Amino acid sequence: MKYLHNITYLKVACLLLISISFSCDSEEFLENENKSKLTDQTQWQTEGNADIFVNDVYSEIPRVCTLAEQLDYYTDDYNISHYYTASNWRQGICQAPGSSNDSPWGGTYGPTNGYTWENFFVKVRKSNTGLKELEANKENFTPEYYNQRIDELRFLRAYFYSEFFMHVGGLPILTEPLDRNTMTEEELLAPRATFEETFNFITGELGSIVDNGYLEIKYNNGDSNAGRATLGAALALKGWLELFAASPLFNSGSGYLPDTGNFVHFATADNSRWATAAATNKKFIDEYGGVYDLFDDLPNLWRASNEYNSEVIWDRQIVANVSNMGSNYERRGGATYVLGQYMSWGNYNPTQEIVDQFDMANGKPITDPTSGYDPQNPYENREKRFYDFIVYDGAPYKLDWMPEEDIIYTRIDETYTNPDKTNQIDLAGSTDVGDSGYYQKKRLNPDAAPGNDASGQNDLFYRYAEVLLNFAEAQNEAFGPDQSVYDAINKIRNRSDLANLPSGLSKDDMREAIHKERRVELCFENKRYYDNKRLMQQEEFMGVARHNMVIRNTVPSNNSGVWTYSVEPEVKYTPKFEARQYMSPIPQNVIDQNPNIPQNPGY
């Protein structure tokens, strides 16, 4: 059940002159007064009316789970089809578009993750309008309501800024709605702020929200306000942004390309930024750790029945089987054929690069000669997360919506009479069948067969495991691998039945261990793109071919021979990465309309 103030986004276009989404328990909604004639005055006369506007701002959070193109397509964790915008980006094709565009089909402007210059400012304008009207009509609200909704809107504005900031850098800082009737041209043409100014604005807002203490720390499953902003969400976002900005791409004192306006990096390097990030994430662990914790059942963390469990910090609500409110995430990925039936587009194809990051069950990496890893029997005795997250050749496959178990084979089997109707690896990328030898299992809804709006699993953006990882990385960079770093990483490893990290690691060794743990734990959650970016790894990892697992029989005519496992590079196109791709371009019409917004370096 998703309740009245629990931000469920039902479209009720008749309520306002603009399209509005808000939530309701059906019985309570029927008892409400008719709001089909709300005006600018009546909109803010009651808390119920005001919530219609506030909830519409929540509806501006993109349903990332429905996007045809996930951010992980822009990483070395996925092998993808040729027709996506990410495919062009993977070949170094990235240029400034004429206008805002977020089409995933063959674009040449890089990743958007649901944000464009045009819709970003719509989100900011709605936030600022709500803040202005709440202040102007303050006498109509109780102090508790007013304080909570003000800080919710401030959080949403900061969240929208953070998402776009990570893609383009410095942004115009707007704290009130622009009005052509009352503002001068100078006021309307707000200048682009520097990277540091934008970062300080976002983190300053988040810090203020936490200090105010007006919001709840966390909501749990069944709470009527679950889905609204919380102190936990504000502090976790602040800690992540501080880690992001402290990282080498932005904190070296010089840009990845000449950046005289300091729009995509700090003007000066400051190693203490790591310590700041560590302190914020430590504050979360110390003050909120009794409210948030790792969820015991990791593979079912995303399940609708487990929403708002102990690990969930910030998400967007999704409602199954309601048009434009549900998720079709499962329609786009997972095994293409299930029990002989075409079920998905087969998009989420893990690469050999990410598969090799999973440890053995004994906690040792596969590169350790004592680990027991056998490259000709590569799926035996791997760690628990491997089996929870990855569909491999010969994997048993049973989700709860399936009437019986299936076995997924990706091997090349020349005895198949119709190989295009199986999950046999498609190296040419000519069908919807995966072309890496693997499929993704993590995050797929076990309760709903793939279909449009069929899934009700919420979009989970931040969870407690990431706070632990953020703290460990920042603490190690600032002070080295002390016991608190080991404790944070081992807590995550122990949940998945892995042994503690070996003691006595150097700072460099611990850094490698943290990055590896982060990549595995957060894989397929649209985190890898930001990590490759901030750590300046994209040139190293994205300018080279990714690899597939190709399995053939030594006697292919009847499979009487031995099945051999061969790691082979992708062949669909030649990968290339240019330094300008670290940040996305600004549309030309934005620059034409406002000369105070310079283009990003290299475009």
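Owing to the predicted nature of the structure, the values given are computational and were not obtained by experimental measurement.
- Looking at Asp293 and Lys491, a side-chain N of the basic residue comes within less than 4.0 Å of a carboxylate O on the acidic one, giving a salt bridge.
- Residues Arg495 and Glu311 are paired through a salt bridge, judged by an N-O separation under 4.0 Å between the basic side chain and the carboxylate.
- With hydrogens and angles left out, the side-chain atoms of Glu69 and Tyr74 include a donor and acceptor closer than 3.5 Å.
- Considering every non-hydrogen atom in both Leu294 and Ser310, the closest pair reads O-OG, 3.6 Å.
- The aromatic rings of Tyr292 and Tyr288 sit tilted relative to each other, their planes meeting at an angle between 30° and 60°.
- Ring orientation note: the planes of Phe577 and Tyr582 are nearly perpendicular, at an angle over 60° on the 30°/60° scale.
- A salt bridge links Asp447 and Arg303; the closest N-O separation between the charged side-chain nitrogens and carboxylate oxygens is under 4.0 Å.
- Salt-bridge annotation for Arg528 and Asp72: absent, with no side-chain N of the basic residue lying under 4.0 Å from a carboxylate O of the acidic one.
- Salt bridge annotation for Glu473-Arg534: present, with a cationic side-chain nitrogen under 4.0 angstrom from a carboxylate oxygen.
- Aromatic ring orientation, Tyr159 versus Trp314: perpendicular (interplanar angle above 60°, classes split at 30° and 60°).
- Just one of Trp302, Trp345, Tyr348, Phe524 meets the ring-ring contact (aromatic ring centres under 6.0 Å, His included) condition when paired with Tyr329; it is Tyr348.
- Between the side chains of Asn347 and Tyr84, at least one donor-acceptor pair of N or O atoms lies under 3.5 Å.
- Note: Phe244 and Phe250 have tilted aromatic rings, judged against thresholds of 30 and 60 degrees for the angle between ring planes.
- Ion pairing between Asp76 and Arg519 holds under the 4.0 Å rule for side-chain N and carboxylate O.
- Between Asp359 and Arg493, at least one side-chain N (NZ, or NE/NH1/NH2) sits under 4.0 Å from a carboxylate O, which counts as a salt bridge.
- Judged purely by distance below 3.5 Å, without hydrogens or angles, the side chains of Tyr529 and Gln70 never pair a donor atom with an acceptor atom.
- A salt bridge between Lys576 and Glu578 is present, with a side-chain N of the basic residue lying under 4.0 Å from a carboxylate O of the acidic one.
- Residues Ile408 and Asp406 meet the side-chain proximity criterion, which asks for heavy atoms closer than 4.5 Å.
- Among pairs with a residue in residues 474-489, those fulfilling side-chain hydrogen bond (donor to acceptor under 3.5 Å, both in side chains) read Gln475-Asp482, Glu477-Arg511, Asp482-Ser484, Gln483-Asp487, at least two apart in sequence or across chains.
- In this structure, CG on Asp459 lies 6.5 Å from CZ on Arg443, to the nearest 0.5 angstrom.
- Checked by atom type and distance alone, the side chain of Asp374 pairs as donor or acceptor with a backbone atom of Gln376 at under 3.5 Å.
- A cation-pi arrangement is found for Lys527 relative to Tyr462, the charged atom lying closer than 6.0 Å to the ring centre and inside a 45° cone about the ring normal.
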